[in-house]
Amino acid sequence: MKQALLWLFGLEEYQLEEPAVKAGIAASLVLAAACIAVFIVLLAKKRLRLRACGRKVWDRTRLILQGTWAVLTNSFMVGWFKGAIYQGKLKYLCTPGLNCYSCPGAWGACPIGALQAVLDEFDAKSSWRDPETGFYVKTPSYYIAFYVIGFIMIIGALCGRLVCGILCPFGWVQELLYKIPVKKLRVSRDPERIKLYKNPALAKLALGLDRVLRYFKYAFLIVMVVCLPLFYEASPWFCKYVCPSGMLLGGIPLMSLNKGLAESAGSLTALKLSILGFTAVLSIFLYRPFCRYICPLGAIYSLFNPISLYRYGIDDSSCKRGKGCSACRNACPMGIDPVKAPNSLECIRCGTCAATCPHKAIHAGFKLKTAEGTAIRTRRSKQQ
């Protein structure tokens, strides 16, 4: 039993005598058991069946699911008690969502962080110091993170952006902020509703700007996650200069628990705090801005949405769009028309549309057929 605990928690035998370690191990086991119990209860009560829940019940269920997963994946309480990062064997494994490696409670690694860690390997012999700036420029070694790439591809091929809607801790934080009752920055996609706005032209401009900004996450992926580390300098560019999730889950807790780190904080920390603050404030008014415009992991998963095994589909025989129903389009928090494109790249598969549809015409799962065996449409349609 002792050896199993030492292996699981990545500790030395002498550390088991420390009170903080004993308390941390006990708290970790209790939290893990509680989280597993929550998952079992949700399954037993069939609270994961989208079309049977209704929107209000499903919204609460999803928040519970997201929160439970966030707690479970960050339940290394020894790290929280001691202000240290988990260094055990489980840290070699990636978690599906954007969960920072440096979080004191994190059991696993973030896929983007793990990918950048491998790309961060550099050739010391060919690295050099810039005489003008004084910065040491590390020449990349061009190592490829086959394990991380394979992990992301497996998750993407299995469920696409379902991870974004169900299992991402930073997505959960954004959703909680969006729950704050203030007027939201949301423009309807329904052409008839847009005509009723005081300024339809401004509404159309906002929709166009939103459409363009959604491509930025692919730019962050290509430029900051891949190209800069590979072709300019071996450095975790996105994690180091942008990622607000890393600052929230890793930077702030570690600085709070270690005075030395807080005292050494400089301009880079100020930049990351500013990005986090801006994202947090914007999340109060706009649904998941980081997921919409910045997240490189979401950008990768989105490419698998049209081909993943877990998919969304429309039962056209039950859908009443032709009779004027647009409940799913108006309910979608990401501004997608599920009837037109049930597996859009922008869909985070939160299940809101399926839970909202009054005719139960939206299906989600691995086998998309009606009770009668009729196939359900999963591809883009011209239907409005």
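What's counted below: heavy atoms across the whole structure, side chains too, no hydrogens, waters or symmetry copies.
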Test item: Glu17 and Lys22 side chains (from C-beta on) under 4.5 Å apart, heavy atoms: yes

Quick check: do Cys325 and Pro358 have side-chain heavy atoms less than 4.5 Å from each other? yes

Fit a plane to each ring of Trp69 and Phe39, take the angle between them on a 0 to 90° scale, and name the class: parallel (under 30°), tilted (30 to 60°) or perpendicular (over 60°). tilted

Validation row: Tyr301, Ile152 side chains within 4.5 angstrom (heavy atoms): yes

From Ser102 OG over to Ile85 CD1, what is the distance, rounded to the nearest 0.5 angstrom? 4.0 Å

Just so I know, are the side chains of Ser308 and Cys159 near enough to count as touching, which here means a heavy-atom distance under 4.5 Å? no

By ring-ring contact (aromatic ring centres under 6.0 Å, His included), Phe366 pairs with (sequence neighbours left out) Tyr310

Any sub-3.5 Å donor-acceptor pair from Asn305's side-chain atoms to Cys347's backbone N or O? yes

Would you say the side-chain atoms of Lys184 pair up with the backbone N or O of Ile284, donor to acceptor, closer than 3.5 Å? yes

Is the distance from the ring center of Trp107 to that of Tyr101 below 6.0 Å? no

Would the number of heavy atoms belonging to other residues, nucleotides or ligands and lying under 6.0 Å from NZ of Lys89 be above 12? no

Test: side-chain hydrogen bond (donor to acceptor under 3.5 Å, both in side chains). Region: residues 194-213. Which pairs qualify, not counting sequence neighbours? Arg189-Asp210, Asp210-Arg214, Asp210-Arg292, Asp210-Tyr293

When you check the side-chain N and O atoms of Ser302 and Tyr218, is any donor under 3.5 Å from an acceptor? yes

What I want to check is whether the side chains of Tyr287 and Gln174 have a donor and an acceptor closer together than 3.5 Å. no

Test side-chain hydrogen bond (donor to acceptor under 3.5 Å, both in side chains) on Asn343 and Arg380 and set out the steps. CA-CA 8 Å; Asn343 291 291; Arg380 182 176 292 274; over 6 Å; no

Any salt bridge between Asp315 and Arg51, counting N to O under 4.0 Å? no

Counting heavy atoms not belonging to Arg49, are there more than 12 under 6.0 Å from its CZ? no

